[in-house]
Amino acid sequence: MNSDFLNDLNESQREAVLYTDGPSLVIAGAGSGKTRVLTYKIAWLLLQGLKPWSILALTFTNKAAKEMKERIANLVGIEQARYLQMGTFHSIFARILRANANRLGFSSNFTIYDQGDSRSLIKTIIKELELDDKTYKHTAVADRISLAKNHLMLPADYATSTVYQTDIERKQPHIIDIYKRYQERCHQSNAMDFDDLLVNTWLLFRNHEDIRKKYSEQFAFVLVDEYQDTNYAQQQIVSQISEERQMVCVVGDDAQSIYSFRGANIDNILDFRKQYNGAKLFKLEQNYRSTQKIVAAANSLIRHNERQIPKNVFSEKDEGDKLRWIQSYSDREEAAIVCKKIRQLKLSEQGHWSDFAILYRTNSQSRSFEEQMRKDAIPYRIYGGLSFYQRKEIKDIIAYFRLVANNDDEEAFRRIINYPTRGIGATTEGKIIDSANKFGVSLWQVISQPQMFQLNLSGATMKKIESFRTMVEEWTKALPDADAYELASTIYHVSGMHADIYSSREPEYQSKQENIEEMFAGLNTFIESRREEGSDNISLTDFLQEVSLMTDIDSDEAGDDKVSLMTIHSAKGLEFPSVFIVGMEENIFPSSQCAASARGLEEERRLFYVAITRAERHCTLTSAQYRYRYGNLDYNRPSRFINDIDPSLLYIDKSSGGIQMQNAHPVAHQFKADPMPKATASRYDLPSRFKPVSKSNQTTGLAKNHDLKPGDIIEHQRFGIGKVIQVEGYGENAKATIEFTNLGIKQLLLKFAKYVKR
DNA sequence: CACGTCACTGTTTTT
DNA sequence: CAGTGACGTG
């Protein structure tokens with residue numbers, strides 16, 4: 001490797017890459033090649049002789065980490081890239097915590113509680129403390145606890161903080177009690193929530209200097225992506241790790257800080273140079289993404305914010321078109337206009353559907369567009385909504401895996417102790433919990449030694465519990481050596497989950513079946529790809545660890561020619577030739593609650609800035625006068641943000657008002673979308689987390705362009721011989737109804753089915 | 001213990 | 001409107 005790659009950089013990028021004398025802050029305007037700077041900097045560090053494992057690069061999403069790793073591999077080769085310490089804050093810290101769990105009184109197989117788990121635990125605690133669930137709403141309490149943790153405030157600190165004073169003023173003095181008890185329960189369950197992964201890492205380093213030292217010596221250089229979105233805890237941990245050498249490079253854009261509601265603190269980036277004295281500042285100001293007018297319009301908007309690092313983002317691309325603003329009468333008309341514009345633009349630009357994105361403030365706004373696009377036969381894909389891992393059936397099967405891997409996991413225990421029903425009802429469950437609380441042990445310990453923990457139950461109930469316990473125990477014993485897929489499959493069947501899910505042919509159940517299939521397909525892919533990488537970590541436990549820190553956004557099925565519909569938040573980091581920012585109305589964008597405070601309003605404005613800067617060539621804003629919200633018709637004035645844009649860069653389009661709703665399009669039938677049942681409409685369109693690697697799939701069967709028709713005989717890898725009864729849907733969504741000789745009728749999502757034609 | 005009915009309550013959400 | 005959760009009945 002030589003340093004030729006540096007020629008790909010512009011001057012400011014190169015300066016940022018080459019500086020390795022101390023801490024630095026890289027302010028990367030939208031579209032200015034931020035990822036390029038990060039990856040090249042890492043390559044440069046390697047070239048300087050740094051060992052890959054001594055470079056720590058922290059990102060916010062798995063996707064960003066993966067992308068960066070791939071790009072670095074292209075520069076320096078996979079051999080070096082493989083050993084880079086690169087990943088999300090949470091996954092890197094989880095690894096550190098597993099290695100040192102005993103120091104904190106956890107064991108290394110601890111469970112990671114997701115948001116659902118922690119909320120559910122908080123809910124039970126509120127009940128146990130006999131607090132009024134109207135004053136103490138579990139979601140609000142959870143947010144409050146999360147906020148405390150993001151500020152590294154332990155229950156003990158909480159009592160002396162101003163937060164506690166606020167609680168008292170709000171007549172919620174018991175949040176601290178819930179917090180305390182919540183932490184105890186997590187500990188008893190050998191579980192950490194997402195925030196604990198940060199808090200506990202910080203604690204580990206604070207209380208065990210030898211460990212902190214070890215890591216700070218290992219990580220000779222620390223890089224942080226999206227620094228504007230870090231919270232206090234993350235900032236502190238970075239500081240713990242880099243204390244001695246101060247070799248930190250953080251990259252971000254204060255103008256794109258939009259996650260304060262998750263604890264992100266914009267001051268981290270604004271005050272970075274105060275925290276790291278003498279830190280060097282680099283600004284990447286050339287935007288390579290958008291036309292000049294789009295960049296200028298975005299600049300004119302963000303100028304209205306007080307708190308920011310001054311910068312001059314510019315573009316040398318075409319001048320381009322002004323932003324366009326269209327007002328419509330209603331939300332339905334808004335959707336119709338947008339669809340019409342998309343068609344026109346696609347034609348005039350000779351583009352693809354995937355060149356277009358519709359961005360909105362809230363998920364619920366997707367509805368009118370969905371309806372209209374289905375009517376107009378425009379292919380689309382909605383991002384967001386209920387994620388794969390939040391679906392009940394997936395959470396259930398994962399809960400089994402979790403309990404097997406960590407018997408003390410209370411949330412997993414409670415989820416499945418009586419699912420599928422095995423005659424262990426609420427009363428019994430209550431008694432187990434009481435005993436556990438009384439003795440300060442986990443639920444599992446109570447059922448393991450019922451007499452010791454004074455569990456008083458009838459002989460019949462005891463027997464049921466006993467058999468549940470033995471069942472799980474056996475799996476736990478098998479865990480270390482078992483083939484993950486085999487074990488998972490055993491659990492699925494022996495637990496009775498399989499029978500339950502196949503007990504009906506209702507669409508609801510079919511969708512569950514498909515989702516579980518998909519999970520198993522994912523498990524398979526996981527094992528295969530780990531094997532390909534030469535890793536032995538392919539047990540069910542390894543799968544669990546991977547899965548607990550994964551989200552839907554991480555897999556994207558780009559390549560599909562579809563219009564993207566998503567919230568502005570989830571559009572961050574993406575770009576599209578044409579962007580429609582819809583619902584530009586007061587009370588929606590800016591949302592009424594955020595607009596109440598100056599800080600909140602500035603964040604909304606940054607959100608709008610993010611939205612505009614997603615556009616490469618065309619950016620259209622729309623406002624509707626009337627829209628349905630919560631079942632009634634609301635009137636809203638146009639968003640104040642419209643006025644924030646330099647009028648010379650905004651074209652007010654009046655031509656489209658009052659378009660005819662019954663727009664017949666001659667080409668429409670070509671793209672006819674599936675008539676989807678409404679309950680599952682977006683479900684089939686969701687990203688499949690683990691899209692099987694085409695390689696492995698192609699060998700056994702095929703997925704994309706299936707050639708099945710009714711009457712065909714197939715042999716399925718697991719289900720055996722079957723006859724095709726019916727095929728429906730297209731491409732990604734194609735599924736077949738197949739009658740298997742041994743198993744009866746099943747529905748298969750062909751995307752995942754492994755079979756050969758006979 | 002399963003299922004039906006009623007009241008309630010609505011941002012954004014990288015892990 | 002629609003999804004959720006609490007509660008009561010078979």
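Order of the sequence lines fixes the chain letters, A, B, ..., with proteins taken first and strands second; residue numbering starts at 1 for each chain. Just so you know, these numbers use all the heavy atoms, side chains as well, and skip hydrogens, waters and symmetry mates.
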Undergrad: Starting at atom CD1 of A:I568, determine the distance to atom P of B:dT14, rounded to an integer number of angstrom.
TA: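 Taking atom P of B:dT14 as the reference, CD1 of A:I568 is at 15 Å.
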Undergrad: If you check the A:Y630 side chain, which of C:dA2, B:dG10, B:dT13 turns out closest?
TA: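 For the A:Y630 side chain, the nearest candidate turns out to be B:dG10.
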Undergrad: Counting only side-chain nitrogens and oxygens, does A:K123 get under 4.0 Å of the OP1 or OP2 atom of C:dA6?
TA: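 Affirmative; the distance criterion is met.
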Undergrad: Is there a side-chain contact between A:R367 and the phosphate of C:dA2, meaning an N or O under 4.0 Å from OP1 or OP2?
TA: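 Yes, within the criterion.
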Undergrad: Could you check how far NZ of A:K392 sits from P of C:dG3, rounded to whole Å?
TA: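 The distance from NZ of A:K392 to P of C:dG3 comes to 17 Å, rounded to the nearest Å.
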Undergrad: For the side chain of A:T461 and the backbone of A:L457, is there at least one donor-acceptor N/O pair under 3.5 Å apart?
TA: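 Flag not set: sc A:T461 to bb A:L457 has no pair under 3.5 Å.
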Undergrad: What's the CG-P distance between A:D229 and B:dT14, to the nearest Å?
TA: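 Going from CG in A:D229 over to P in B:dT14 covers 12 Å.
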Undergrad: Reading DNA chain B from 5' onward, which residue's closest nucleotide shows up sooner: A:Q593 or A:K572?
TA: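 Whichever sits nearer the 5' end wins; that is A:Q593.
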Undergrad: Within the structure, does a side-chain N or O atom of A:S364 lie under 4.0 Å from either OP1 or OP2 of B:dG10?
TA: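 No, because none of the side-chain N or O atoms of A:S364 sits under 4.0 Å from OP1 or OP2 of B:dG10.
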Undergrad: Using ring centroids (six-membered ring only for Trp), state whether A:H304 and A:F608 fall under 6.0 Å.
TA: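 Centroid distance A:F608-A:H304: not below 6.0 Å, so no.
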Undergrad: Taking the minimum atom-to-atom distance to the side chain of A:S570, which one of B:dC1, B:dA2, B:dT13 wins?
TA: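 It is B:dT13.
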Undergrad: A:N632 near the nucleic acid: base, sugar-phosphate alone, or nothing, with a heavy-atom cut-off under 4.0 Å?
TA: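 It contacts nothing in the nucleic acid.
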Undergrad: Can you see whether A:E226 engages A:Q228 through a side-chain donor-acceptor pair at a distance of less than 3.5 angstrom?
TA: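 Yes, side-chain donor-acceptor contact under 3.5 Å.
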Undergrad: Scan A:L58 against the nucleic acid and name what it touches under 4.0 Å (heavy atoms): base, sugar-phosphate only, or nothing.
TA: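 Here A:L58 touches no strand at all.
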Undergrad: Rounded to the nearest 0.5 Å, what separates atom CZ in A:R605 from atom CZ in A:R640?
TA: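 Here the interatomic distance stands at 8.0 Å.
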Undergrad: Can you measure A:K134 atom NZ to C:dG5 atom C1' for me and round it to whole angstrom units?
TA: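 After rounding, the reported distance stands at 11 Å.
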Undergrad: Would you indicate which nucleotide in C:dA2, B:dC1, B:dT14 comes nearest to any side-chain atom of A:T61?
TA: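 From the listed options, B:dT14 comes nearest.
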Undergrad: Please state whether the phosphate of B:dG10, meaning OP1 or OP2, lies under 4.0 angstrom from any side-chain nitrogen or oxygen of A:N363.
TA: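 Answer is no, no contact under 4.0 Å.
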Undergrad: Identify whether any heavy atom of A:S591 sits under 4.0 Å from a base atom; if not, whether one sits that close to sugar-phosphate; answer base, sugar-phosphate or nothing.
TA: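 It contacts base atoms.
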Undergrad: When you get a sec, tell me which of B:dC1, B:dG10, B:dT13 is the closest nucleotide to the side chain of A:T421?
TA: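 From the listed options, B:dC1 comes nearest.
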Undergrad: Return the 5'-most residue of the pair A:F194, A:E603 with respect to DNA chain B, ranking by each residue's nearest nucleotide.
TA: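 The residue closer to the strand's 5' end, by nearest nucleotide, is A:E603.
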Undergrad: Check for me whether the distance between the ring centres of A:Y502 and A:Y509 falls short of 6.0 Å.
TA: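 No, the ring centres sit 6.0 Å or more apart.
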Undergrad: Counting the atoms with a prime plus P, OP1 and OP2 as sugar-phosphate, which does A:A64 contact under 4.0 Å by heavy atoms, base, sugar-phosphate, or nothing?
TA: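 Nothing: the residue A:A64, judged by heavy atoms under 4.0 Å, touches no strand.
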Undergrad: Take atom OH in A:Y232; do more than 12 heavy atoms of anything else shown fall under 6.0 Å from it?
TA: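 Counting neighbours around OH of A:Y232, 12 or fewer heavy atoms of other residues, nucleotides or ligands fall under 6.0 Å, so no.
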Undergrad: Is there a donor in the side chain of A:E411 and an acceptor in the side chain of A:S120, or the other way round, less than 3.5 Å apart?
TA: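 A:E411 vs A:S120: donor-acceptor pair found between side chains.
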Undergrad: Atom NE2 of A:H90 to atom P of B:dT14: distance rounded to whole Å?
TA: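 My rounded result for the distance is 12 Å.
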Undergrad: Among B:dT12, B:dC1, B:dT13, which is the nearest nucleotide to the side chain of A:T362?
TA: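 From the listed options, B:dT12 comes nearest.
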Undergrad: Considering only heavy atoms, which members of residues 250-260 of chain A lie under 4.0 Å from some atom of DNA chain B?
TA: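 Of all residues in residues 250-260 of chain A, the ones placing a heavy atom under 4.0 Å from DNA chain B are A:Y259.
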Undergrad: Distance check needed: B:dT14 P versus A:M86 CE, whole Å only.
TA: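 Nearest whole value for this atom pair: 21 Å.
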Undergrad: Could you check how far CZ of A:F89 sits from P of B:dT13, rounded to whole Å?
TA: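 So the two atoms are 20 Å apart, to the nearest Å.
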Undergrad: Scan A:R629 against the nucleic acid and name what it touches under 4.0 Å (heavy atoms): base, sugar-phosphate only, or nothing.
TA: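 Nothing: the residue A:R629, judged by heavy atoms under 4.0 Å, touches no strand.
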Undergrad: For A:G573, which contact category applies under a 4.0 Å heavy-atom criterion: base, sugar-phosphate, or nothing?
TA: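 Touches nothing.
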Undergrad: Using atom CG of A:D133 as one end and atom P of B:dC8 as the other, report the distance to the nearest whole Å.
TA: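 Rounding to the nearest Å, CG of A:D133 and P of B:dC8 are 13 Å apart.
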Undergrad: Looking at A:Y635, is A:R637 sitting on its ring face, NZ or CZ under 6.0 Å from the six-membered ring centre and within 45 degrees of the normal?
TA: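 Cation-pi check for A:R637 and A:Y635: fails.
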Undergrad: From A:Q365 CD over to A:E334 CD, what is the distance, rounded to the nearest 0.5 angstrom?
TA: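 Rounded to the nearest 0.5 Å, the CD-CD separation comes out at 7.5 Å.
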